[in-house]
Amino acid sequence: MENFWTSTKSINGLRHFVLVNETQEKGNICFLMVSALDSEINLKITYEELINSGNWHKGWINLSKNQSITEE
């Protein structure tokens with residue numbers, strides 16, 4: 001599984017995340033993702049959301065600063 005991901009939408013103002021852990025919960029594979037710039041920003045998402053939602057791109061997409069860091 002790719003460790004580096006770019007969110008199509010800003011999450012707490014950031015878009016680049018690292019997959020740091022994989023767990024199985026209630027039959028679903030879940031991933032703990034942490035922001036590449038702020039380790040206090042993290043989220044848990046399912047395999048389905050990461051792979052099939054269209055909300056994530058494998059790897060880090062080269063974005064301008066105002067696209068990758070927002071005030072949201």
Side-chain angles (χ1 to χ4, degrees):
M1 178 64 65
E2 175 73 44
N3 288 334
F4 305 107
W5 293 83
T6 302
S7 175
T8 58
K9 301 174 193 164
S10 175
I11 299 172
N12 289 349
L14 302 170
R15 294 189 46 198
H16 294 104
F17 288 80
V18 179
L19 188 154
V20 294
N21 197 15
E22 178 180 331
T23 61
Q24 182 119 10
E25 297 178 12
K26 299 178 184 175
N28 292 319
I29 298 172
C30 295
F31 300 106
L32 177 62
M33 307 284 284
V34 176
S35 166
L37 296 176
D38 185 346
S39 63
E40 293 192 20
I41 298 174
N42 58 72
L43 59 141
K44 189 184 295 186
I45 62 172
T46 65
Y47 176 86
E48 284 296 317
E49 181 177 343
L50 184 65
I51 302 300
N52 297 324
S53 69
N55 293 331
W56 295 91
H57 295 283
K58 289 181 184 178
W60 286 341
I61 296 173
N62 191 16
L63 302 169
S64 67
K65 184 177 179 179
N66 66 342
Q67 289 178 308
S68 64
I69 303 171
T70 65
E71 293 184 25
E72 293 177 22

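Everything numeric in this text was worked out from a predicted model, so none of it was measured. In what follows, every heavy atom counts, from backbone to side chain, and hydrogens, waters and symmetry copies are set aside.
In terms of modelled atom types and a separation under 3.5 Å, the side chain of W5 and the main chain of E2 share a donor-acceptor contact. Judged by distance alone, with hydrogens and angles left aside, the side-chain atoms of R15 form a donor-acceptor pair with the main-chain N or O of S7 at under 3.5 Å.
Follow the hydrophobic side-chain contacts under 4.5 Å out from V18 and you never reach I51; the two are in separate clusters.
For the side chain to side chain donor-acceptor pair (under 3.5 Å) test, no residue two or more places apart in sequence or in another chain qualifies with E49. In this structure D38 satisfies the side-chain contact (heavy atoms from CB on, under 4.5 Å) test together with L14, S35, E40, I41, sequence neighbours excluded. Evaluation of the side chain to side chain donor-acceptor pair (under 3.5 Å) rule for T8 yields no partner, not counting sequence neighbours. Y47 meets the ring-ring contact (aromatic ring centres under 6.0 Å, His included) test with no other residue; sequence neighbours excluded. K58 pairs by the side chain to side chain donor-acceptor pair (under 3.5 Å) definition with nothing, not counting sequence neighbours. Scanning for side chain to side chain donor-acceptor pair (under 3.5 Å) contacts around N62 gives an empty result, with sequence neighbours left out.
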> Taking it one step at a time, do N21 and F31 satisfy side chain to side chain contact (heavy atoms under 4.5 Å, CB included)?
Replying inline: CA-CA 6 Å; N21 197 15; F31 300 106; over 6 Å; no
>> Go through it in stages, so that I can follow the logic: the residues are I29 and E22, the test is side chain to side chain contact (heavy atoms under 4.5 Å, CB included), and I'd like the CA-CA distance, side-chain angles, deciding distance and then a yes or no.
In response: CA-CA 7 Å; I29 298 172; E22 178 180 331; 3.7 Å; yes
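Partner L32 forms a side chain to side chain contact (heavy atoms under 4.5 Å, CB included) with one of I45, V20, L43, T23 and no other, that one being V20.
For residues 23-36, the salt bridge (Lys or Arg N to Asp or Glu O under 4.0 Å) pairs, not counting sequence neighbours, are E25-K44.
At a threshold of 4.5 Å between non-hydrogen side-chain atoms, the residues L50 and M33 count as touching. Side-chain contact between E48 and N28: absent, with no pair of heavy atoms (C-beta onward) separated by less than 4.5 Å. Looking at K9 and N55, their side chains come closer than 4.5 Å, going by heavy atoms from C-beta outward. In this structure, the side chains of V34 and F17 stay at 4.5 Å or more apart for every pair of heavy atoms.
Listed here is the closest heavy atom pair of I61 and H16: O-NE2, 2.9 Å. Closest approach of W60 and A36 over heavy atoms only: CZ2-CB, 3.7 Å.
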